[in-house]
Amino acid sequence: MKSLIDIFDLSISELDELMNVALDIIENPIKYSEKCKGKKLATLFFEPSTRTRLSFEAAMYELGGHVLSMADAVSSSAAKGESVADTAKVISCYADIIAIRHPKEGAALVAANNASVPVINAGDGGHLHPTQTLADLMTIYRKKGSLNNLTIGFCGDLKFGRTVHSLAGAMSRYEGIKFVFISPEELKIPSFVKENFIAKNNIEYVQTTDLKSVMADLDILYMTRVQRERFFNEEDYLRLRDSYILTPPKLDTAKSDLLILHPLPRVNEISVAIDKDPRACYFEQVLNGKYMRMALILKLLEVE
Ligand code: CP
């Protein structure tokens with residue numbers, strides 16, 4: 001039994017396999033419409049979500065399966081003090097696979113170590129979010145035709161942005177990758193990402209506070225929101241939240257084939273005027289996320 005807690009739980013060839021299955025699902029949806037008949041997915045969300053929870057649920061329905069949904073911690077026995085470990089053991093009695101989001105780093109790993117069914121990390125605190133990475137990789141692959149030879153700019157809250165940590169890890173395994181980390185001083189990329197992923201793979205990178213100075217170099221601009229829920233102090237959030245607001249004039253020096261990505265939800269960091277720009281791909285990311293989650297469910301349930 002395999003779980004997905006960290007993007008490194010999947011090899012490059014397994015990522016390729018998932019993307020190929022997702023592309024086949026897009027072409028032949030009927031072929032997959034009963035693949036998970038009789039199977040149940042439990043979505044255990046101890047933190048708010050729109051995309052991740054509902055795309056997992058849509059994915060399971062489109063595979064012909066069923067969904068048990070826990071949309072918040074308040075309505076579950078977590079509110080009475082039940083541990084993640086016990087919850088995972090209990091839900092394993094009801095469901096064939098679990099997707100869990102939790103505010104504590106490492107909670108998905110605890111769930112996987114205690115469940116008797118596969119567990120998917122749907123976001124653990126400010127740590128990792130591997131299934132958003134699946135959506136991001138698929139979007140880059142479909143748009144660029146390759147995941148190699150790209151300069152990727154990550155902009156915004158790189159400290160708490162778990163999607164940044166997982167995507168930087170995933171991209172560090174491809175050829176010819178360069179990273180540009182654009183953030184306020186207080187929200188710089190954490191050392192665990194630099195040490196475990198970037199240094200290990202000898203990836204060239206620069207850090208800056210100035211988006212304008214690096215815009216022309218980028219093949220991908222991955223914007224992120226400042227993660228209010230991770231701040232201890234509201235004043236710090238208010239001071240930092242509008243550090244980067246992408247507006248059309250800021251793209252004047254950008255490449256014509258730049259990809260503008262964002263895991264969403266967007267707050268204020270991308271002006272809605274950018275949505276009309278053909279380089280804006282964040283709503284395509286949402287759709288790709290559903291297909292990649294379908295492919296992932298099939299893989300973890302070992303459905304042929
Ligand atoms: N990208 C993402 O994780 O969105 P949600 O928080 O809405 O699930």
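FYI, the numbering just counts along the sequence from 1. All ligand and atom numbering here is 1-based and tracks the order in the structure.
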Within-cut-off N or O pair, Arg53 and ligand 1, under 3.5 Å | no
Between the side chains of His262 and Arg225, is a donor N or O closer than 3.5 angstrom to an acceptor N or O?
-> no
Where is the nearest protein heavy atom to atom 4 (O) of ligand 1: which residue, which atom, and how far?
-> Arg51 NE, 3.0 Å
Please state which protein non-hydrogen atom is closest to atom 6 (O) of ligand 1 and give its distance, to 0.1 Å?
-> Arg101 NH1, 2.9 Å
Shortest heavy-atom approach to atom 2 (C) of ligand 1 - which of Leu264, Thr163, Val286 = Leu264
Which of the numbered atoms in ligand 1 are below 4.0 angstrom from a heavy atom of Thr50?
-> 5 (P), 7 (O), 8 (O)
Atoms of ligand 1 close to Thr52 [distance to a heavy atom under 4.0 angstrom, numbered from 1] = 2 (C), 3 (O), 4 (O), 5 (P), 8 (O)
Nearest-0.5 Å distance, CG of residue Asn20 to OH of residue Tyr141 | 6.5 Å
Do the ring centers of His165 and Phe192 come within less than 6.0 Å of each other?
-> yes
Could you pull out all residues at least two apart from Val110 that satisfy side chain to side chain contact (heavy atoms under 4.5 Å, CB included)?
-> Val84, Ala85, Asn114
Heavy-atom contact under 4.0 Å between Glu47 and ligand 1?
-> no
Look at the side chain of Lys35 and the backbone N and O of Glu304, then say whether any donor-acceptor pair between them is shorter than 3.5 Å.
-> yes
NZ/NE/NH1/NH2 to OD/OE distance under 4.0 Å, Asp157 and Arg230 = no
